[in-house]
Novice: 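The structure that follows is given in the form of structure tokens.
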Amino acid sequence: MGNCKYCGQPAGFLRKKHKDCEAAYNKGIEKIHGAIESCLSDNRSINDALEEVRDIAKNSYISEGEFPTVVKRGWEGAVEHAFEDGVLTEEEEQRLSAMAEAIGFDKEELYTNPAYNKLVKGAVIREVLEGKIPERFKVSGALPFNFLKSERLVWVFQSAEYYEMRTYREYVGRSRGFSIRIAKGVYYRTGGFRGRPVETQKMVHVDTGLLGITNSHIYFSGSKKRFRIKYNKIVSFEPFSNGIGVFRDAKTAKPQYFLIDDGWFLYNLVTNLARL
Ligand SMILES: [Zn+2]
């Protein structure tokens, strides 16, 4: 006879849990996540909300050991929820920060948490939309960019992949050669003609390096390529889930692509900074 991993009572032959206990446990997790999510916008204090959450845990077989993790997952859900209605507001940012503190995230854990990362990025976008130049990015060490005096760094992406769209022209039909029948029994073979030109476009990975975003330029610095693009030279941006395309006004300019992990952030950042 095994014992139920939730309530600790005998669960029956070859069984490790009661169905009802498991259902109560899952329901408890759902309720905790719901309570933390609504804590984002309701008027009660964060401590009251956490008190309720503790009660739910006690009544749902959620152990003290796993409780912090359950609550932290709930907070991550609340961050996602804050983005559902569009821009992250200042109130949402402050409330989520206070919640993170009350929940007991330590600094290191918070800084490496993807939801916290998203929270900071959301705040950066909001500030740019409000016409401010965000100063939330802290650089440790020297950057390989030569900024102008008036320029302010907003963000740096590491390991950005830089691609260029290149046009290849090839002559189709040349290599095959072909034969013309001139008269019965006589063939002229023509081999060296050029055929018709066909242009194909390919995205070519040129380099990987640092992508710096300032209030006036996009900077790239890799092992082979280093350059900056001024926003007022850019005609349009193309959004991708994992990056952006940049189209400049010069006829000779090739479309350029920067791939990072978070296209949403980069696109919103540069399109709005370009408008400032
Ligand atoms: Zn049980």
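This chain uses plain numbering: 1 for the first residue, then up along the sequence. For ligands, and for the atoms within them, numbers begin at 1 and follow the listed sequence.
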Novice: How many protein atoms of type N/O/S are positioned less than 2.8 Å from the Zn ion (ligand 1)?
Specialist: 4
Novice: If you compare all heavy atoms of Leu119 against all heavy atoms of Ser97, which two are closest, and at what distance to 0.1 Å?
Specialist: CD2-OG, 4.2 Å
Novice: Quiz question: by atom type and distance under 3.5 Å, do the side chains of Tyr219 and Glu151 form a donor-acceptor pair?
Specialist: yes
Novice: Around atom CZ of Arg136, are there more than 12 heavy atoms of other residues, nucleotides or ligands at under 6.0 Å?
Specialist: yes
Novice: Quick one: list whatever passes salt bridge (charged side-chain N to carboxylate O under 4.0 Å, His left out) with Lys31, sequence neighbours left out.
Specialist: none
Novice: Can Arg95 and Glu92 be counted as an ion pair, charged N to O under 4.0 angstrom?
Specialist: no
Novice: Any salt bridge between Lys233 and Asp249, counting N to O under 4.0 Å?
Specialist: no
